[in-house]
Peer 1: 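Provided herewith is a single structure, encoded as structure tokens, for subsequent inquiry.
One-based numbering, in listed order, for ligands and for the atoms of each.
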Amino acid sequence: MSLALAGIEATRRDFSLGPLSLSVEDGVTAVLGPSGAGKSTLLEVIAGFETPESGTVSLAGTRIDGLPPEERNVGMVFQDAALFPHLSVAGNLRYGAPEGADIERTVRTLGIGDLLDRDPTTLSGGERRRVALARTLVTDPDALVLDEPLSSLDAPIRRRLRLDLRDILSGLDVPVVYVTHDQEEAAVVADRVAVLFDGTIRQAGPVGTVFDDPATPTVARFLGVENLLEGTVRERRDGEATTADVGGTTVEIGGTTLRVADRVETGIEQVVVGFRPTAIEFANGANAENTLDVEVERVVPGRDGATVVLAADGLGRLTARTAEQIATGDRRSIAIDPTALHIFPDEPNRCP
Ligand SMILES: Nc1ncnc2c1ncn2[C@@H]1O[C@H](COP(=O)(O)OP(=O)(O)OP(=O)(O)O)[C@@H](O)[C@H]1O
């Protein structure tokens, strides 16, 4: 089964979604984007609650965009996981389930057997999400869309449930569109990701590809590539891009040069170089590449080490993450692995 959107354009007062095309195969595709990007609007176009001005929505090759929501067989799980308060959990599951629905199997899959006699108002947030998902799954949908299904849950429950969701959703054999603004959640639950900004898809592909190789500085910044620096190409070198054989590109940024293992086409001079805070190492070895002297401006302790703001001559401020003992005012030497640097060649892709 595949779900395909082609040339979708929808307007909501001041907001325009699209033009947008997206193909979703069986398995989980996360739609990831900041608040107001149009993620919910996109789901509503798929489920039939929003009518686009142009474009088509097809399921298994058949157009469904002319059908009302109840005839599309697209299951939708809403953000607030609303259940019928006057029915028990079992009553909620039976309500709307088609003749012969395998409620028993869904109950087992979601591990909610103990909850069947409960009044929905007595459920915890996590339990309510499971029941809301179960209620949608018993309708045996041909496609499933979920709008931030784990929002407003406590972090530990969220972490546990997203692992469960991964197993449950990927076992369904239908296309699943999973909306979230949380990149970690997307990486755990989904196998593909589409990044939505200002109503358009900026990049779509396997989770690993999009996270490792963001297409533009805007996508990169959203995915945690916090250091983005504008520079000029000084040298292009062939050869294996390894530490032993210095291939790649040399970029000058404010009088400092950085070697990037990526290549840049001839003719492109102005680039943006990006790297994650974790790409910065506090160097001990003198022969590490891309070594810079920095001053520690700020240290913010965190769960996985500290986030550190560094002032680097010529480069401005950099953000690093480290478990090392470090204090404001320290002068340190850092090294940035050339293979951890991204290079964005296009002129319109300036630092966001
Ligand atoms: N019913 C509506 N009427 C008018 N404008 C709307 C309506 N629903 C959403 N919008 C606007 O459309 C834009 C996109 O909203 P949407 O809810 O799709 O974004 P989102 O990416 O899901 O955001 P969030 O992560 O905050 O839920 C926003 O600017 C919002 O204010």
Side-chain angles (χ1 to χ4, degrees), residues 3-24 28-57 64-65 68-70 72 74-82 125-126 128-129 132-133 136 141 143-155 157-159 161-162 165 169 175-190 192-205 207 210-211 214-224 352:
L3 173 69
L5 287 87
I8 292 292
E9 288 182 86
T11 310
R12 276 182 158 174
R13 222 174 298 166
D14 297 338
F15 176 76
S16 301
L17 181 75
L20 175 156
S21 296
L22 179 67
S23 180
V24 185
V28 185
T29 295
V31 173
L32 192 58
S35 189
K39 304 183 296 293
S40 302
T41 309
L42 174 63
L43 287 198
E44 284 163 26
V45 166
I46 297 170
F49 298 107
E50 172 75 30
T51 309
E53 282 108 55
S54 62
T56 60
V57 183
I64 58 168
D65 47 79
E70 63 276 11
R72 294 189 179 198
V74 173
M76 181 152 180
V77 179
F78 293 93
Q79 222 163 32
D80 52 10
R128 210 164 53 240
R129 308 302 161 114
L133 177 58
T136 304
L144 186 63
V145 298
L146 302 99
D147 194 354
E148 303 251 8
L150 303 182
S151 65
S152 70
L153 292 176
D154 292 348
I157 298 170
R158 210 181 157 102
R159 277 198 291 277
L161 260 184
R162 70 190 182 200
L165 274 185
L169 298 177
V176 178
V177 182
Y178 187 105
V179 159
T180 178
H181 63 270
D182 180 338
Q183 48 173 312
E184 248 185 84
E185 188 172 311
V188 171
V189 176
R192 299 181 67 80
V193 62
V195 182
L196 192 70
F197 265 83
D198 300 331
T200 59
I201 291 174
R202 302 301 174 92
Q203 191 173 7
V207 169
V210 175
F211 278 70
T216 66
T218 305
V219 172
R221 185 181 289 285
F222 183 68
L223 297 179

Peer 1: Any side-chain donor paired with an acceptor under 3.5 Å for Gln203 and Thr216?
Peer 2: no
Peer 1: Does any non-hydrogen side-chain atom of Leu146 lie less than 4.5 Å from one of Thr136?
Peer 2: no
Peer 1: Is there a side-chain contact between Val45 and Leu20 (heavy atoms, below 4.5 Å)?
Peer 2: no
Peer 1: Would you check if Arg162 and Asp182 make a side-chain contact, meaning some heavy-atom pair closer than 4.5 Å?
Peer 2: yes
Peer 1: How would you list, by chain and number, the residues with a heavy atom under 4.0 angstrom from ligand 1?
Peer 2: Arg12, Arg13, Phe15, Pro34, Ser35, Gly36, Ala37, Gly38, Lys39, Ser40, Thr41, Glu148
Peer 1: Would you mind telling me which of Val77, Val179, Leu43 makes a side-chain contact (heavy atoms from CB on, under 4.5 Å) with Glu148?
Peer 2: Val179
Peer 1: Any donor-acceptor pair under 3.5 Å linking the side-chain atoms of Thr41 with those of Arg12?
Peer 2: yes
